[in-house]
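Input: a single structure, listed below in C-alpha cells.
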2 protein chains.
Amino acid sequence: MRWKRISDAVVRRLPLYLRVLEEAKDQEMMSSQELGERAGVSPALIRKDLAWFGEFGKQGVGYEVAYLREELRKILNLDKSIRMVLVGVGSLGYALARYHRRKFLDDPSFTLEIVGLFDANPELVGKDVEGVTIEPVDALTTRVKELGAELGIICVPADSAQVVADKLVAGGIRAILNFAPVKLSAPDEVEVTNEDLSLELQRLAYYVTD
Amino acid sequence: MRWKRISDAVVRRLPLYLRVLEEAKDQEMMSSQELGERAGVSPALIRKDLAWFGEFGKQGVGYEVAYLREELRKILNLDKSIRMVLVGVGSLGYALARYHRRKFLDDPSFTLEIVGLFDANPELVGKDVEGVTIEPVDALTTRVKELGAELGIICVPADSAQVVADKLVAGGIRAILNFAPVKLSAPDEVEVTNEDLSLELQRLAYYVTD
DNA sequence: TAGATTGTTAATCGATTAACAATC
DNA sequence: TAGATTGTTAATCGATTAACAATC
C-alpha cells in the first residue's frame with residue numbers, strides 16, 4: 001500500500017468510519033449519508049476521504065458494510081498484528097496497559113498487542129500486567145528490536161520522556177503516542193502524537209466563562 | 001471577557017504558549033520568533049493568535065514574559081479556580097484523579113481542582129483519592145450543582161457515557177472531557193472534547209507501514 | 001426504466017504565511 | 001538615530017462543501 005502522502009485530517013477520520021461500520025454488523029449496505037450522520041461528518045467529505053484510497057461504493061446503492069470495513073482495516077494496517085511497547089507503568093501507564101491487554105485478550109479482531117512493558121522503578125520490574133512482565137527501562141532499545149515493536153506509548157514523567165523517545169527511535173519504532181507533557185523531537189519518519197491531558201484541560205477552561 | 005467566537009484552532013494553541021512562558025521564568029522578554037521556536041509554531045501565527053485578544057507586545061522588543069503569561073492565564077480563565085468532577089474511578093479515572101489532585105495540592109498556581117469523584121460501583125464509594133471521597137453516581141446532577149462544578153471528566157464505559165453526560169449537563173456543567181469511546185451529544189453551549197485513545201492508536205497504526 | 005447514490009470537479013470557506021508600515 | 005519586532009493586511013495554501021455527470 002503506497003499512496004501519496006495523505007493529509008492527517010483524512011487519516012484521523014478513518015478509524016471513526018471503521019468504528020461506525022463495526023457497530024453496524026447487522027446491516028448489509030450503508031450510504032455515505034448514513035455513515036456521515038453516524039460519524040458526525042458530511043457525506044461529501046466521506047466520499048472524498050475514501051476516494052484517496054480507491055473506489056469502494058456502488059452508485060445508487062452505497063457501500064457494502066463488510067467490504068468497506070475490511071478495506072478500511074487494510075488501509076489502517078489493522079489487518080495484521082501490530083506490536084506495541086509501553087514505557088512508564090505508573091498509574092496512567094498501568095491503566096492503559098491493563099485496558100489494552102484486556103481488549104486484546106478478549107477480542108480476536110483487535111490486533112494491537114502490547115508486547116512489552118518497561119519501567120525505571122526496580123520495585124515494578126518483574127510485576128505482571130495481564131500477562132506481560134514489566135522489564136527494566138535500561139535495555140529498552142535492544143528489547144524493542146528483539147520484540148519487533150513498531151509502536152511506542154510513553155507514560156513517563158516529562159523530564160525523561162525525550163530520553164525514552166530517543167531509545168524507542170533507536171530501536172526502530174515507527175510511531176509514538178506520548179502522554180508526557182513535553183513536545184518530543186523525533187525524525188520525520190517517526191509519527192509522534194502528543195496526548196497532553198493538562199493542555200486539554202487548560203483549553204477547556206477557556207469555555208467555562210460565566 | 002467577551003470576544004467574538006474565536007476559532008478552536010487558536011484556543012488550542014494558547015495553553016502551549018502559556019507553558020513556554022511558564023518554563024521561561026528566568027527570562028524578562030521574549031520575541032514571537034523565540035516563542036514560536038519553543039512552541040513549534042510560526043512567529044506570524046503567534047502574533048495573529050494573540051491579536052484576537054489585544055495588543056500585548058512592544059515593537060522592536062517583543063513580549064514581556066511575566067505580563068503575557070498573566071494575560072494568557074486570564075484569557076484561559078486560569079486566573080480563577082475552576083471546579084471539576086470526574087465520573088468513573090476505574091483504573092484510568094483513578095490515574096487521572098490522582099495525577100490532578102497531586103498537581104493541585106503541590107502547585108498553588110494550578111487552579112483546576114477536582115472537587116468531586118463519582119462511581120457506580122458501591123465498593124468504590126467512600127474510598128478516598130488524594131483527599132476527595134468517591135460518591136455514588138446516582139446523585140450526580142444535584143451534587144454537580146451543589147459543588148458548583150463547571151468542568152466534567154468522563155471515564156466510564158462506553159455504554160453509560162451518554163447517561164453520565166446528560167446528568168452533567170443537567171447539573172450545569174460547561175465543558176466535558178470524554179475518555180469513553182463514543183461520540184457524545186450535548187447542547188451547543190457545552191464544549192465536548194473526545195479523548196479517544198483507541199481511535200488514536202488505530203490512527204497511528206496507519207503510519208506503521210513497512 | 002426511474003430513482004438513488006457514487007466519484008469527482010469546481011466553488012467556497014477558513015486557516016496559515018508573507019510582507020510591511022508603524023513604532024519602540 | 002538605527003535596528004528590531006510588533007500588529008495587521010494581503011496572498012497563499014489547504015480543507016470542506018456544493019454540484020453534477022456517470023452509473024448501478
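In the text below, chain A, chain B and the rest are named by the order of the sequence lines, each starting its count at 1.
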(message) Can you identify which nucleotide, out of D:dT6, C:dT8, C:dG7, has its nearest atom closest to the B:Y63 side chain?
(response) D:dT6

(request) Could you check how far OH of A:Y67 sits from P of C:dT6, rounded to whole Å? (result) 15 Å

(request) Give the rounded distance in Å between these two atoms: CE of A:M30 and P of C:dT6. (result) 12 Å

(request) Calculate the interatomic distance between B:F56 atom CZ and D:dT8 atom C1'; express it in whole Å. (result) 15 Å

(request) Write down the distance between CG (B:L45) and C1' (C:dA19), rounded to a whole number of angstrom. (result) 16 Å

(request) Using whole Å, report how far CG of B:D49 lies from P of C:dA15. (result) 11 Å

(request) Provide, to the nearest angstrom, the distance between the CZ atom belonging to B:F53 and the P atom belonging to D:dT6. (result) 18 Å

(message) Using OP1 and OP2 only, check whether a side-chain N or O of B:S42 sits under 4.0 Å from C:dT17.
(response) yes

(message) Nearest to the A:Q59 side chain among C:dT9, D:dT5, D:dA22, which nucleotide is it?
(response) D:dA22

(request) Could you check how far CD of B:Q33 sits from C1' of D:dG3, rounded to whole Å? (result) 15 Å

(request) Searching all strands shown, indicate the nucleotide that pairs with C:dA10 (Watson-Crick or G-U wobble; both distances under 3.5 Å). (result) D:dT17

(message) If you assign each of B:E55 and A:R47 to its closest nucleotide in DNA chain D, which residue comes earlier from the 5' end?
(response) B:E55

(message) Below the 4.0 Å mark, does C:dT16 have OP1 or OP2 next to a side-chain nitrogen or oxygen of B:R13?
(response) yes

(request) Write down the atom of B:I134, the atom of B:F118, and the distance for their closest heavy-atom approach. (result) CG2-C, 4.2 Å

(message) When you compare the side chains of B:N77 and A:Y207, does any donor N or O come within less than 3.5 Å of an acceptor on the partner?
(response) no

(request) Please name the pair of heavy atoms, one in B:P181 and one in A:Y99, separated by the smallest distance, quoted to 0.1 Å. (result) CG-OH, 4.3 Å

(message) How many whole angstroms separate atom CZ of A:R5 from atom P of D:dA15?
(response) 11 Å

(request) Write down the atom of A:L86, the atom of A:A97, and the distance for their closest heavy-atom approach. (result) CD1-N, 4.0 Å

(request) Just name whichever nucleotide pairs with C:dA22, Watson-Crick or G-U, keeping both distances under 3.5 Å, else none. (result) D:dT5

(message) Between the side chains of A:D79 and A:R73, is the shortest nitrogen-to-carboxylate-oxygen separation below 4.0 Å, so that they form an ion pair?
(response) no

(request) Measure from the side-chain heavy atoms of B:S31 and tell me the nearest of D:dT17, D:dT6, C:dT8. (result) D:dT6

